[in-house]
Number of protein chains: 2
Amino acid sequence: MRIKELAQQAYVSDTAVRYYESSGILPPPRRLPNGYRDYDQSDVERLKLVAGARSLDFSLDDIAEILALRDRREAPCRTVLDMLAQKADEIQQRIIELQQLEKQLRDLHELGLTFPTDDIDGKNCVCHLVSERAG
Amino acid sequence: MRIKELAQQAYVSDTAVRYYESSGILPPPRRLPNGYRDYDQSDVERLKLVAGARSLDFSLDDIAEILALRDRREAPCRTVLDMLAQKADEIQQRIIELQQLEKQLRDLHELGLTFPTDDIDGKNCVCHLVSERAG
DNA sequence: TATAAACCTTGAAGCCACTTCAAGGTCAAA
DNA sequence: TTTGACCTTGAAGTGGCTTCAAGGTTTATA
Ligand SMILES: [Zn+2]
Ligand SMILES: [Zn+2]
Ligand SMILES: [Zn+2]
Ligand SMILES: [Zn+2]
């Protein structure tokens with residue numbers, strides 16, 4: 001099959017497939033006589049793993065690590081399990097940070113409403129509150 | 001004052017200050033006879049607003065919009081208030097997305113634990129679960 | 001006085017995971 | 001025959017910086 005059919009089977013763009021090849025995640029495929037890339041079912045499986053892992057926000061480096069194990073005929077299952085747990089922890093931490101940020105934004109908004117809104121120099125308005133967040 | 005002192009007063013790096021200048025957020029400053037950048041207190045105020053807004057995750061485009069108003073002697077307070085509310089909403093939405101992602105990661109981890117962990121081809125293991133997340 | 005340490009300058013490249021653009025070549029249907 | 005869908009490559013753009021390379025300037029110390 002050609003690149004577009006491969007890409008569609010994994011729900012990614014064909015330009016992403018070319019990018020994965022250029023970055024070493026996917027091996028260079030056979031070519032048809034006209035120079036077009038030619039893929040088979042094993043390429044679909046590989047790309048689906050890449051797409052699934054990307055949809056879980058794994059980095060291409062992480063994915064390369066998983067694929068490298070498989071290419072050496074070593075089972076990557078343990079590595080994948082560990083990565084899932086670690087990524088979940090990272091996301092959890094990120095959520096906490098964003099919750100703090102949201103609170104700061106809402107607090108600033110509420111407080112800002114109590115100040116004049118025609119202050120050019122920002123000495124007595126919400127702009128001043130933003131400026132003084134330093135540290 | 002020179003660039004490092006300015007940067008320190010706003011708790012940013014001096015390379016960031018040069019980057020802000022190159023991207024038009026900060027105007028080109030005067031120069032000392034030796035070519036070094038020379039700043040004053042108004043530069044500190046401007047950079048503090050930039051730094052405060054960046055710490056709230058505003059984009060440089062947003063910040064440029066705020067500064068453009070001030071540079072035209074129009075009060076940016078209303079704009080800032082609106083941006084605070086809008087950014088808070090964006091963060092809230094992002095948190096929801098990350099919470100869903102975290103749940104997917106934890107669920108996959110739990111389910112993956114019930115499968116063998118020595119499957120090279122990924123037909124009966126957590127790797128297969130990752131691959132089949134398509135769509 | 002020599003020299004090291006801390007500061008300053010510029011321009012370019014690197015980061016991440018792509019997308020978009022430019023400028024073409026290939027092939028099937030109408 | 002011409003339209004349109006598909007394919008190719010390489011380069012540049014995205015955002016907000018940091019890092020690197022290759023210097024010049026100033027202050028402190030030996
Ligand atoms: Zn597995
Ligand atoms: Zn575990
Ligand atoms: Zn204001
Ligand atoms: Zn409001």
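In what follows, chains are A, B, ... by sequence order, proteins preceding strands, each numbered from 1.
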Would you please confirm or rule out a distance under 4.0 Å between OP1 or OP2 of [N] and any side-chain N or O of [X]?
| X | N | result |
| --- | --- | --- |
| A:N34 | D:dC7 | no |
| B:T15 | D:dC17 | no |
| A:R18 | D:dT8 | yes |
| A:R37 | D:dT8 | yes |

Ignoring hydrogens and geometry beyond distance, is a side-chain donor-acceptor pair present between B:Q104 and B:Q100 at under 3.5 Å?
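Short answer, no.
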Filtered N/O pairs between nucleotides 11-17 of chain C and protein, under 3.5 Å:
from: C:dA17; atom 1: OP1; to: A:L60; atom 2: N; distance (Å): 3.1
from: C:dA17; atom 1: O3'; to: A:R54; atom 2: NH2; distance (Å): 3.4
from: C:dA17; atom 1: N7; to: A:Y19; atom 2: OH; distance (Å): 3.4

Specify the closest pair of heavy atoms between A:P116 and A:N124, including all atoms of both residues, with the distance to one decimal.
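Residues A:P116 and A:N124, closest heavy atoms: CD-O, 3.3 Å.
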Could you state the atom-to-atom distance from [atom1] of [X] to [atom2] of [N] in whole Å?
| X | N | atom1 | atom2 | result |
| --- | --- | --- | --- | --- |
| B:E5 | C:dC8 | CD | C1' | 14 Å |
| A:D14 | D:dA5 | CG | C1' | 12 Å |
| A:L6 | D:dC6 | CG | P | 15 Å |

Can you tell whether the side chains of [X] and [Y] come within less than 4.0 Å, N to carboxylate O?
| X | Y | result |
| --- | --- | --- |
| B:D107 | B:K103 | yes |
| A:K87 | B:E102 | no |
| B:D57 | B:R94 | no |
| A:E5 | A:R2 | no |

Under 4.5 Å between side-chain heavy atoms, hopping through other hydrophobics if needed: is there a path connecting [X] to [Y]?
| X | Y | value |
| --- | --- | --- |
| A:L60 | A:L56 | yes |
| A:L26 | A:Y36 | no |
| B:V44 | B:Y20 | yes |

Please test B:R46 against B:Q41 for side chain to side chain donor-acceptor pair (under 3.5 Å), starting from the C-alpha separation and ending with a verdict.
CA-CA 9 Å; B:R46 190 180 184 92; B:Q41 198 55 37; over 6 Å; no
Which atoms of nucleotides 2-7 of chain C (N or O only) lie under 3.5 Å from a protein N or O atom, and what are those distances?
from: C:dC7; atom 1: OP2; to: B:K4; atom 2: NZ; distance (Å): 3.1

Between the protein and nucleotides 21-23 of chain D, list the N/O to N/O atom pairs that are separated by less than 3.5 angstrom.
none

I'd like to check B:D40 versus B:D43 (side-chain heavy atoms, cut-off strictly below 4.5 Å). Are they in contact?
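Side chain of B:D40 against side chain of B:D43, heavy atoms only: contact under 4.5 Å found.
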